[in-house]
Amino acid sequence: MLSLEVDSVDCMVDPHDRSDRFELIADCDGATLARFANDVLEDDPPLAVRQEPRPQLVMQQVVEPVERRPFNLGEVVVAPAEVELDGHRGFARLPGKAERAALSGAIVDAAVAGGHRLTEAITTTLADVAADRAASRRQAWAESKHTTVDFETMEDET
């Protein structure tokens with residue numbers, strides 16, 4: 001497990017945890033996912049593609065910051081893929097029309113789920129992706145925090 005500090009809040013990321021792994025795979029670049037998928041497939045394991053990677057629209061839901069109510073922001077394009085690799089299911093959903101990366105991500109997910117010999121290398125790389133993402137967020141925050149606007153409220157003074 002990897003502990004990251006993001007905006008002064010500790011965030012635990014575990015590439016072995018499937019939910020965390022989905023996010024990390026979505027953040028990983030396609031070339032890295034393809035390299036790992038090709039390395040996994042070199043062993044010629046049984047592979048069945050359960051869901052072909054085809055772009056589709058999904059609704060992106062966000063939480064309104066004042067009343068904390070969810071609302072639908074709009075539709076976004078994603079490329080989902082699902083495979084079964086040597087008896088283990090893998091899934092990935094990547095933003096945009098990234099069909100190859102989605103299929104590679106699903107293979108990577110199944111490999112980690114099945115404890116493939118490359119699991120350690122894959123999870124280390126995914127942890128590095130998480131660290132890079134956290135560093136990028138800290139940098140963006142550092143660059144933009146000086147633009148924060150403080151609003152004063154004027155109340156009726158009667």
Side-chain angles (χ1 to χ4, degrees), residues 1-40 51 53-83 85 88-154:
M1 191 162 350
L2 174 69
S3 176
L4 301 172
E5 186 180 312
V6 181
D7 299 339
S8 303
V9 177
D10 281 334
C11 176
M12 301 305 282
V13 178
D14 181 4
H16 293 279
D17 176 78
R18 195 145 197 235
S19 184
D20 288 349
R21 191 166 59 246
F22 287 155
E23 287 186 40
L24 296 174
I25 287 171
D27 277 347
C28 199
D29 68 280
T32 301
L33 293 173
R35 180 174 46 85
F36 278 125
N38 288 334
D39 291 348
V40 166
Q51 180 181 2
R54 288 195 175 88
Q56 56 186 239
L57 292 173
V58 295
M59 188 59 67
Q60 181 175 6
Q61 193 174 74
V62 296
V63 176
E64 183 270 323
V66 177
E67 295 183 19
R68 310 292 298 159
R69 289 185 297 170
F71 72 95
N72 293 329
L73 181 63
E75 292 180 320
V76 294
V77 176
V78 297
E82 185 177 358
V83 301
L85 178 77
H88 299 278
R89 288 207 171 179
F91 180 81
R93 180 182 295 165
L94 276 70
K97 297 180 178 181
E99 297 96 335
R100 283 186 177 173
L103 184 59
S104 296
I107 292 168
V108 165
D109 179 49
V112 173
H116 189 274
R117 65 178 174 78
L118 294 173
T119 295
E120 187 62 33
I122 292 169
T123 56
T124 298
T125 298
L126 292 178
D128 291 344
V129 166
D132 291 345
R133 180 178 63 183
S136 179
R137 286 181 178 172
R138 279 193 306 274
Q139 179 66 29
W141 173 248
E143 291 173 0
S144 66
K145 71 180 177 182
H146 71 280
T147 64
T148 302
V149 177
D150 291 323
F151 292 95
E152 292 182 23
T153 59
M154 297 177 64

For I107 and L85, work out which heavy atoms get closest and say how close.
-> O-CD2, 3.9 Å

Say you draw a straight line from CD of Q51 to CG of L103; how long is it, rounded to the nearest 0.5 Å?
-> 10.5 Å

To the nearest 0.5 Å, how far apart are OG in S104 and CD1 in I25?
-> 10.0 Å

Say you draw a straight line from CG of D14 to CG of L24; how long is it, rounded to the nearest 0.5 Å?
-> 9.0 Å

If we only count heavy atoms from C-beta on, is the F91 to P80 side-chain gap below 4.5 Å?
-> yes

Look up atom OG1 in T125 and atom CG in L118, then write down how far apart they are to the nearest 0.5 Å.
-> 10.0 Å

Would you say V108 and V40 make side-chain contact, with heavy atoms under 4.5 Å?
-> no

Is there side-chain contact between H16 and T119, with heavy atoms separated by less than 4.5 Å?
-> yes

CG (D27) and OG1 (T32) are apart, to the nearest 0.5 Å, by 12.0 Å

Where do G30 and A101 come nearest, in terms of heavy atoms and distance?
-> CA-CB, 3.8 Å

Do any N or O atoms from the side chain of S136 and from the backbone of D132 form a donor-acceptor pair under 3.5 angstrom?
-> no

CD on Q139 to OG on S144, rounded to 0.5 Å | 10.0 Å

State, with a plain yes or no, whether a side-chain heavy atom of L33 is found less than 4.5 Å away from one of L94.
-> yes

Between A106 and A81 the two heavy atoms that sit nearest each other are CB-O, 3.7 Å

With the side chain counted from C-beta on, respond yes when H116 and H88 share a heavy-atom pair under 4.5 Å apart, and no when they do not.
-> no

Any idea which heavy atoms bring R89 and R18 closest together, and the distance?
-> O-NH2, 3.3 Å

Closest approach of A92 to A102 (non-hydrogen atoms, all atoms of both residues) | CB-O, 3.4 Å

So, for E64 and E67, which heavy atoms are closest and what is the spacing to 0.1 Å?
-> OE1-N, 2.6 Å

State whether the side chain of D109 and the backbone N or O of G105 hold a donor-acceptor pair below 3.5 Å, judged by distance alone.
-> no

Quick check: does any side chain N or O of R21 sit under 3.5 Å from a backbone N or O of P15, one acting as donor and the other as acceptor?
-> yes

